[in-house]
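Okay, so here's the structure we're looking at.
These figures come from a predicted structure and were not determined experimentally. Here is the naming used below: chain letters follow the sequence lines, and residue numbers restart at 1 for every chain.
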Amino acid sequence: MHDPIAKAKATLISAIEAAYNTAVAKGVLPNFGLGEYTVEIPADTSHGDFATNAALCAARTLKLPPQKIAAALLDNLDLGNSGFSKAEMAGPGFLNFFLSNDYYSDVVRAVLSQKERFGHTDFGRAEKVMVEFVSANPTGPMHLGNARGGALGDCLASILDAAGFAVTREFYINDAGNQIERFALSLEVRFLQELGGDVALPEDCYQGEDITLLAREYIASCGDGIKDADSAERKKALVDFALPKNIANLKRDLLKYRIEFDIWFKESTLHNDGTVAKVLDMLKSRGAVYENDGALWYKATAYGGDKDEVLVRSNGIPTYFAADIAYHYNKFAVRGFDRVINVWGADHHGHVARLKGAMDAIGLDGSKLDIVLMQLVRLMRDGEPVRMSKRTGKAITLTDLLDEIPIDAARFYFNLREPKTHCEFDLDLAVKQSSENPVYYVQYAHARICSILKALRADSIDVDGCLDNADFSLLCSPDEQALIKHISALPGEIISAATEYDPAKITRYTIDLATLFHKFYTNCRVKGCELSLCTARAALCIATRQVIRNCLELLKIDAPETM
RNA sequence: GUCUCCGUAGCUCAGCUGGAUAGAGCGUCCGCCUCCUAAGCGGAAGGCCAGCGGUUCGAAUCCGCUCGGGGACGCCA
């Protein structure tokens, strides 16, 4: 039982189709087919556990009132061993179905036996998927956008993995191009300034204090020997020293944020190994480029773009865009990914169509490239937007953020909303250890369960033998069934989060799970009730704890035993 | 100007591949611990789903326009 909800829906659809065929055979309904309809889980449980609008949808083709069709379907419905106990007609012609007790027992049993694998499916058929995210500029520290992108990309990768894809997490290091030139120049100026030189830092250079510190570190460990070398040599020495340090810092900070990449891919390799030149040749041979003002232009407009783009500047240096085409050529053609997902800030949205188009232009399939555009975050404190770090006066960095708020809260918060929504990050709320902060609400449910189980063990109740000994059919109160039904939705929820690239589905699922558990906790006592019921409820507690853990594992958030 | 995201309770947001009475948290008010963690649960109040039109049995959901807000439109990355 990989996905109980999907299985139940499939069962219902075949039962409905069978009922229709029987009704047709009896001459009760015309033989035009039911057409398209849906089976859904109604918001209101009095409308059953599942409901279908089949009769409403078929009303036109069958030229009969919906209620008459629904009645005919109901008359000929055979639920047999379907896991459903009854069906009824309601409203304008809905058919509502009610699950039997077996369904609930099966779900609890499945969780207890599948354990940390519950929720995982083979939906993705081990398709090779790359998730590229963060890819922060290595010339400096990461900012708030990287914090959201990091939490988002990392959880999306985990979710895809759970949904059965073969996932690679990748960080693209932009260690070439203009920004490295600027980095080099900034370092050089700071270096010379440290040695008393009278040079000013140009405005378009990196103004941060980190550059000065790097220059100082260089002098401390390598001396000032390059002072009199020519500028190009001096810059190279400084960059060769500073860039690896910055990259190491990125790794360190991301690790602190619980993100580990499988691959750190350097842009420079694409320039050095001829991939950039190769894709330029491919574009040339396909007639997708032209020359103008001494530069090489890509005919974006011929491939779905809104305006043409420069590939090679008139000074002979390829643009970032040229390198990006080469990079994605590498992802698809060289490394053979079936699908590539990039998590980008919304400020890159203009880049999406032309990169996809460029994939088509070099004979690859741009539709296999998906971009998750993430809107920027507004940091709030005391109801006011925070733009700058108090300490440095510069943009807020990931490290600044994690100094202030717990990692659990940050990761949870950034995955609370769909990537495309503009979101506010409330610093005051994130540090609050109260019910206002949803991450604690979820963790509290987990801690409560641990506490119950501890109390039961202290009473010598065989908590660990629940799977073998418990009579799950005793779990029949509304609170128990609501909890179990929600548990059974996890596999489908993970698949849906994976296909829609929306980790927020999982955080919200987890909050709802905690809510249902807290209700169960309030209304159904575990300790102290009759032994068989106590054992069954303990089993439900263990199953719930497992599901909370599985969800928090996807988000890489701690599941504390006590709070 | 073109493209893009957003607009739902006082606040932050779900719901959006069309379905039954539009949901949650926070805030406000009122209840619930001799009993497994009250970081919890229950209840009340709070809505022109930005506006107008269209599509149809049915629209918060789909389409068009308008208004309001964020972002992008470099031989930057």
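Side-chain atoms of E309(A) never come within 3.5 Å of backbone atoms of A300(A) as a donor-acceptor pair (strictly under, hydrogens ignored). Judged purely by atom type and a 3.5 angstrom limit, S186(A) uses its side chain to pair as donor or acceptor with the backbone of Y206(A). Under a 3.5 Å cut-off, the side chain of D360(A) and the backbone N or O of G366(A) do form a donor-acceptor pair. The backbone N or O of E40(A) lies less than 3.5 Å from no partner atom in the side chain of T38(A), so there is not a single donor-acceptor pair.
Screening V526(A), V463(A), I461(A) for a side-chain contact (heavy atoms from CB on, under 4.5 Å) involving L453(A) leaves a single residue, V463(A). Remark: of the listed residues F414(A), F171(A), F261(A), F261(A) is the sole one forming a ring-ring contact (aromatic ring centres under 6.0 Å, His included) with F133(A).
The pairing partner recorded for C62(B) is G54(B), the criterion being a Watson-Crick or G-U wobble arrangement whose two distances lie under 3.5 angstrom. Judged by Watson-Crick or G-U wobble contacts below 3.5 Å, the nucleotide G27(B) has no partner. In this structure C32(B) sits in a base pair with G40(B), meeting the Watson-Crick or G-U test at under 3.5 Å. In this structure G7(B) sits in a base pair with C67(B), meeting the Watson-Crick or G-U test at under 3.5 Å. Base pairing annotation: C73(B) forms a Watson-Crick or G-U wobble pair with G1(B), both donor-acceptor distances under 3.5 Å.
For the atom pair CG of D408(A) and CG of L555(A), the computed distance is 10.0 Å after rounding to the nearest 0.5 Å. Between N96(A) atom CG and L74(A) atom CG the span is 10.0 Å, to the nearest 0.5 Å. Taken from CG in L373(A) to OH in Y501(A), the straight-line distance is 13.0 Å, to the nearest 0.5 Å.
Taking the P atom of each, C6(B) and C62(B) are spaced 10 Å apart, rounded to whole Å. Taking atom C1' on both nucleotides, A60(B) is separated from C52(B) by 16 Å, rounded to a whole Å. Remark: the separation of the C1' atoms in G25(B) and A9(B) is 12 Å, to the nearest Å. C63(B) and G27(B): their P atoms are spaced 37 Å apart (whole Å).
A cation-pi contact links R448(A) to Y521(A), judged by a cut-off of 6.0 Å to the six-membered ring centre and 45° from its axis.
Toward the 5′ end of RNA chain B lies the nearest nucleotide of C423(A), the other residue of the pair C423(A) and N292(A) mapping further downstream. Toward the 5′ end of RNA chain B lies the nearest nucleotide of L373(A), the other residue of the pair L373(A) and A447(A) mapping further downstream.
Checking C36(B), A77(B), G19(B) against every side-chain atom of Y320(A), the shortest atom distance belongs to A77(B). The K527(A) side chain lies nearest to C36(B) when the options are G40(B), U12(B), C36(B). The side chain of A90(A) sits closest to A20(B) out of G69(B), A77(B), A20(B). If you check A39(B), G19(B), C75(B) against the side chain of S314(A), the one that comes closest is C75(B). Candidate nucleotides A77(B), C36(B), G70(B) were compared by shortest atom distance to the side chain of N174(A), and A77(B) ranks first.
An aromatic stacking contact links F94(A) with the base of A20(B), defined here by ring centres under 5.5 Å apart and ring planes under 30° from parallel. Here H47(A) packs flat against the base of A20(B); its ring centre is closer than 5.5 angstrom to the base's six-membered ring, tilted by less than 30 degrees.
Non-hydrogen atoms lying under 4.0 Å from RNA chain B are contributed by R508(A), all within residues 498-508 of chain A. Scanning residues 510-522 of chain A for heavy-atom distances under 4.0 Å to RNA chain B yields H518(A), K519(A), Y521(A), T522(A).
Between the side chain of H422(A) and the base of C5(B), a donor-acceptor pair under 3.5 Å is found. For G19(B), its base sits under 3.5 Å from the side chain of N53(A) at one donor and acceptor pair at least. Residue side chain H349(A) reaches the base of C3(B) through a donor-acceptor N/O pair under 3.5 Å, judged by distance alone.
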Hey, mind stepping through E480(A) and R537(A) against salt bridge (charged side-chain N to carboxylate O under 4.0 Å, His left out) and telling me if it holds?
CA-CA 9 Å; E480(A) 289 161 332; R537(A) 286 179 171 170; 2.6 Å; yes
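At A72(B), none of the side-chain N or O atoms of R354(A) fall inside 4.0 Å of OP1 or OP2 (strictly under the cut-off). Phosphate proximity of C75(B) to Y298(A): absent, as no side-chain N or O sits under 4.0 Å from OP1 or OP2.
Shown here, C33(B) is classed syn by the O4'-C1'-N9-C4 or O4'-C1'-N1-C2 angle, which is within 90° of 0.
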